[in-house]
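Okay, so here's the structure we're looking at.
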Amino acid sequence: MSRPSQFAVFGHPIAHSLSPRIHQAFAQQFGIALTYRTIDAAPSAFADAVRHFFNEEDGRGANVTLPHKLSAFALADEHTQAATRAGTANVLTRLPDGRLAAHNTDGAALVRDLTDRHGLDLRGHDALLLGAGGAARAVAWSLFEAGVQTLTIVNRSPEAADQLADAIGEPARVHTRYWDDLGNIGSFDLIVNATSVGTLGQALSLPFSLVGSRAVCYDLGYGTSAFAFLAWARAAGALHAYDGLGMLVEQAADAFELWHGKRPDTEPVYQSLRAL
């Protein structure tokens, strides 16, 4: 009897990850036998852990989460356009010749969650992106290409925001502002929190004036890490406030399709997780 295909998610910490549950649910839709587990690797051990998984354990694919997305990109031999733009990778795939390919599916997953699941037409929206790190870089391009009218990037370190805006290269539609200016830059239709403050358990103090009358607020995190931002959004009168659970499921579906050549139905999996 052949050994099931080996897949994993790397992170630190990682025991809380929903990825094994998601991928097993996808596999059941197609009757696929697979082994998908969490691998906790400290940053100093990440590269060796990845090489061992793919070379010694015959791993076929891995998801990558904090704090390893930058290192995963650096380890890979090939990079998709989305990964190159972000400078980070959330998916590693072993190619037939044994080399590793890096993908970043976060941006596409965010847009699909907003447009397909939540029914939002992004065209014409004035969007505010909080943060300019790896998570923000992964989604900025996708928001822009989905048709937002303007994209304003604000980061505590303005240099990172400027670099991201310059990389997109559309000064008429993509702007940067200083964090201290948040109280007087007007309101937005879409506000995306790509900062790490929720994950780190820190406070995020934002003015209510950012929230337009029909604004959608979205945190890339989910669960407790998104709680503070979503509470702020609701208190500020946002029309909708979403966490990133749907994005997590959608990026997992992209990885599953890369590895198995089959597109899973994400909605029942999303609903089952939302009911937890």
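On a predicted model such as this, the values are computed, not experimentally measured, just so you know.
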Counting only N and O atoms by type, is there a donor-acceptor contact under 3.5 Å from the side chain of [X] to the main-chain atoms of [Y]?
X      : Y      : value
Arg117 : Met247 : no
Asp189 : Gly212 : no
His68  : Ala41  : yes
Asn104 : Thr88  : yes

Set of residues satisfying side chain to side chain contact (heavy atoms under 4.5 Å, CB included) with respect to [X], sequence neighbours excluded:
X      : value
Thr115 : Val111, Leu122
Glu57  : Arg37, His52, Phe53
Ala233 : Cys217, Ala238, Ala241
Ala72  : Phe46, Val64, Ala89, Leu92

For residues 174-183, please give each side-chain donor-acceptor pair under 3.5 Å, one per line with the distance, not counting sequence neighbours.
from	atom 1	to	atom 2	distance (Å)
Thr176	OG1	Asp162	OD1	2.7

Exercise for the section: Report the relative orientation of the aromatic rings in Trp232 and Phe208; use parallel for angles under 30°, tilted for 30 to 60°, perpendicular for over 60°. Expected result: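 Judged by the thresholds at 30° and 60°, the geometry between Trp232 and Phe208 is tilted.
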
Exercise for the section: May I ask you to list the residues sharing a hydrophobic cluster with Phe227, side-chain cutoff 4.5 Å, ordered by chain and number? Expected result: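 Listed partners: none, Phe227 stands alone.
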
Exercise for the section: Starting from Tyr36, walk the hydrophobic network (Ile, Leu, Val, Met, Phe, Trp, Tyr; side-chain heavy atoms closer than 4.5 Å) and list everyone else you reach, by chain and number. Expected result: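 Under the 4.5 Å side-chain rule, Tyr36 groups with Phe7, Val9, Ile14, Leu18, Ile22, Phe26, Phe30, Ile32, Leu34, Val91, Tyr222, Leu245, Leu248, Val249, Phe256, Leu258, Trp259, Val269, Tyr270, Leu273, Leu276.
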
Practice task
Kindly indicate whether the side chain of Ser71, heavy atoms from C-beta on, has any atom under 4.5 Å from the side chain of Pro43.
Solution key: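 No; the side chains remain at least 4.5 Å from each other.
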
Exercise for the section: Identify, with sequence neighbours excluded, every residue that meets salt bridge (charged side-chain N to carboxylate O under 4.0 Å, His left out) alongside Arg263. Expected result: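 Listed in chain order: Glu250, Asp254, Glu257.
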
Practice task
Only counting residues at least two apart or in another chain, list the ones meeting salt bridge (charged side-chain N to carboxylate O under 4.0 Å, His left out) with Arg99.
Solution key: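 Per chain and number, Arg99 pairs via salt bridge (charged side-chain N to carboxylate O under 4.0 Å, His left out) with Glu78, Asp97.
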
Practice task
Run the numbers on Glu159 and Gln163 for side chain to side chain donor-acceptor pair (under 3.5 Å), then give the verdict.
Solution key: CA-CA 6 Å; Glu159 295 81 9; Gln163 289 171 4; over 6 Å; no

Handout entry: Any pair counted as salt bridge (charged side-chain N to carboxylate O under 4.0 Å, His left out), so long as it reaches residues 123-137, sequence neighbours left out
Key =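 Checked against salt bridge (charged side-chain N to carboxylate O under 4.0 Å, His left out) - neighbours excluded - the pairs reaching residues 123-137 are Asp121-Arg123.
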
Practice task
Return the minimal non-hydrogen interatomic distance between Ala140 and Leu129, and the atom names on each side.
Solution key: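 Minimum heavy-atom contact is CB-CD2, 3.8 Å.
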
Problem - Minimum heavy-atom distance between Ile153 and Ala161, given as atom pair plus value - result: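 Closest approach of Ile153 to Ala161: CG2-CB, 3.9 Å.
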
Practice task
Output all residues satisfying side chain to side chain donor-acceptor pair (under 3.5 Å) with Asn55, sequence neighbours left out; order by chain, then residue number.
Solution key: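 By the side chain to side chain donor-acceptor pair (under 3.5 Å) rule, Asn55 matches no residue at all.
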
Problem - Residue list, side chain to side chain donor-acceptor pair (under 3.5 Å) with Thr84, at least two apart or on another chain - result: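 Partners of Thr84 under the side chain to side chain donor-acceptor pair (under 3.5 Å) test: none.
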
Exercise for the section: Check whether the ring centres of Phe144 and Trp141 lie less than 6.0 Å apart, and answer yes or no. Expected result: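 They do not qualify: ring centres at least 6.0 Å apart.
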
Handout entry: Interatomic distance, Arg51 atom CZ to Leu100 atom CG [nearest 0.5 angstrom]
Key =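 One gets 9.0 Å once the value is rounded to the nearest 0.5 Å.
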
Practice task
Only one of Asp106, Leu114, Asp113 passes side chain to side chain contact (heavy atoms under 4.5 Å, CB included) with Leu110; say which it is.
Solution key: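 Among the candidates, only Leu114 passes.
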
Problem - Gln81 CD: over 12 foreign heavy atoms closer than 6.0 Å - result: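 It does not: Gln81 CD has 12 such atoms or fewer within range.
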
